Amino acid sequence: MTGPHDQPADPAAGSVTARPWGATAEGVELHLYDLAVPGGIAATISDLGGIVTHLHVPGADGLVGDVVLGHDEPGPYLGRAESPYFGALIGRYGNRIRAGRFNLDGHEYTLATNNGPNALHGGPGGFDQQVWTARPAVGEDGPALELRLVSPDGDEGYPGTLDVTVTYTVTRPTGGDLGGLRIEYVATTDAPTVVNLTNHSYFNLVGDASRDVLGHELTLHADQFTPVDDTLIPTGELRDVTGTPFDFRAGRAVGDLIDDADVQLAYGGGYDHNLVLRGEGLRVVGEVHEPRSGRVMEVRTTEPGVQFYSGNFLDGSIRGKRGRAYGPRWALCLETQHFPDSPNHPNFPSTVLRPGETYRSRTEYVFSVRTTKGS
Ligand code: GLA
């Protein structure tokens, strides 16, 4: 599967190797691709949904741990049998659209609703359930996997044929870090449509998901968040985080205020909110530090928002890799994105894509280690 051109002579450049991974119920063959950089990190990614199934990152003790939730087999991912979007690419529209309806250029579009009254994460047959065409390569920045999907006009109710390419790259270590996982999204359409692509990795930096993430320290450079109603649809307000449990500007443990009597936290059962990121262009928007392992994950993105989800819907019923039961708040997601329900909020940054335009988005999760003083 990977021809000789994919593997440069210099092993330090990293490698991509493919292996079979079963098939869908319809008999479409699935594969896993291992992207690895010596002395850096290693990711395993499937052509099913572009799912990042494993992400191996060294801790301060030098021992490598897997920092994402997921499964070893495809079965639990198919039909989302036991996967609330673990590690997957999300499209066409990440997060919720109110009542699955929006108006574009005077046309009313109706999407399938799959989350109470709302449409979530692209619908029942969203991009996480599609088999993408994969092309592995070792590029200048590290081993990469290019995934392509052509979503037909009317797919899940969305207008326009959307041609999407997502490129994952495991980047090489630099002086200051261990390298990271870069995700680049490019899309074009043949008719006006809306697009909001993201990746839904569930991170647990302890390694091998041996406990919850309440002790993870989160920093987000966000001065505002978008409050929601009881179905998690933004009200349209941009609210100052000052004095609220959503103020992560100075860094705080995820569990510090998560059980505060706060109506927004009550709606989400914890954090499940979009924060408005400061600045624009590719920039560092925050980090997660796990004090026991010393692992640090810096988040860089071109997107204006991030959905911080604290794994509130995990309840221990899903058993993932190593037979681990994933309990409440066993992972956190930082889904870089445009704001939820943007098609229905003219005051939010636009998610409209028109013929002749190119949608581009980039997110990087960059790893390093930092030990707390005295430990
Ligand atoms: C997103 C949503 C959550 C939840 C998860 C998947 O983060 O905002 O409410 O649906 O996806 O379970």
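Just so you know, residue 1 is the first one in the sequence shown, and it goes up from there. Note: hydrogens, waters and symmetry copies are ignored here, and every other heavy atom, side chains too, is used. Nothing here was measured: the structure is a model prediction, and the numbers come from that model. Order of listing sets the numbers, starting from 1, for every ligand and every atom in it.
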Among Pro234, Pro340, Ser342, which one satisfies side-chain contact (heavy atoms from CB on, under 4.5 Å) with Asn274?
->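 When Pro234, Pro340, Ser342 are each tested with Asn274, the side-chain contact (heavy atoms from CB on, under 4.5 Å) holds only for Pro340.
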From the list Asp128, Ile51, Leu69, Thr53, side-chain contact (heavy atoms from CB on, under 4.5 Å) partner of Phe86 resolves to Leu69
For ligand 1, which atoms sit closer than 4.0 Å to a heavy atom of [X]?
X      : result
Glu335 : 1 (C), 7 (O)
Asn95  : 8 (O)
Pro84  : 6 (C), 12 (O)
His121 : 1 (C), 2 (C), 11 (O)

Quick one: does Tyr271 get within less than 4.0 Å of ligand 1, heavy atoms only?
->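 No.
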Ligand 1-proximal atoms of Leu120, by part, heavy-atom distance under 4.0 Å = side chain
Protein contact of atom 6 (C) of ligand 1 - nearest heavy atom, named by residue and atom, plus distance |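 Of the protein heavy atoms, Tyr202 OH, 3.5 Å lies nearest.
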If you have a sec, work out which protein heavy atom is nearest atom 5 (C) of ligand 1 and how many Å separate them, to one decimal?
-> His200 NE2, 3.5 Å
Can you give each donor-acceptor pair under 3.5 Å made by side-chain atoms of residues 105-112, sequence neighbours left out, with the distance rounded to 0.1 Å?
{"from": "Asp105", "atom 1": "OD1", "to": "Arg354", "atom 2": "NH2", "distance (Å)": "3.0"}
{"from": "Asp105", "atom 1": "OD2", "to": "Arg354", "atom 2": "NH1", "distance (Å)": "2.9"}
{"from": "Glu108", "atom 1": "OE1", "to": "Asn103", "atom 2": "ND2", "distance (Å)": "3.3"}

Quick one: are the ring centres of Trp330 and Tyr202 less than 6.0 Å apart?
-> no
Ring centres of Phe339 and His345 under 6.0 Å apart?
->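 No, too far apart.
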Return a yes/no value for Arg96: is any of its N or O atoms, backbone included, closer than 3.5 angstrom to an N or O of ligand 1?
->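 Yes - when backbone and side-chain N and O of Arg96 are compared with those of ligand 1, one distance drops under 3.5 Å.
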Mind checking whether Asp272 has an N or O less than 3.5 Å away from an N or O of ligand 1?
->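 Asp272 vs ligand 1: N/O contact under 3.5 Å present.
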Going by the angle between their ring planes, with limits at 30° and 60°, are Tyr85 and His200 parallel, tilted or perpendicular?
-> parallel
Hey, is the main chain of Asn312 close enough, under 3.5 Å, to the side chain of Ser310 for a donor-acceptor pair?
-> no
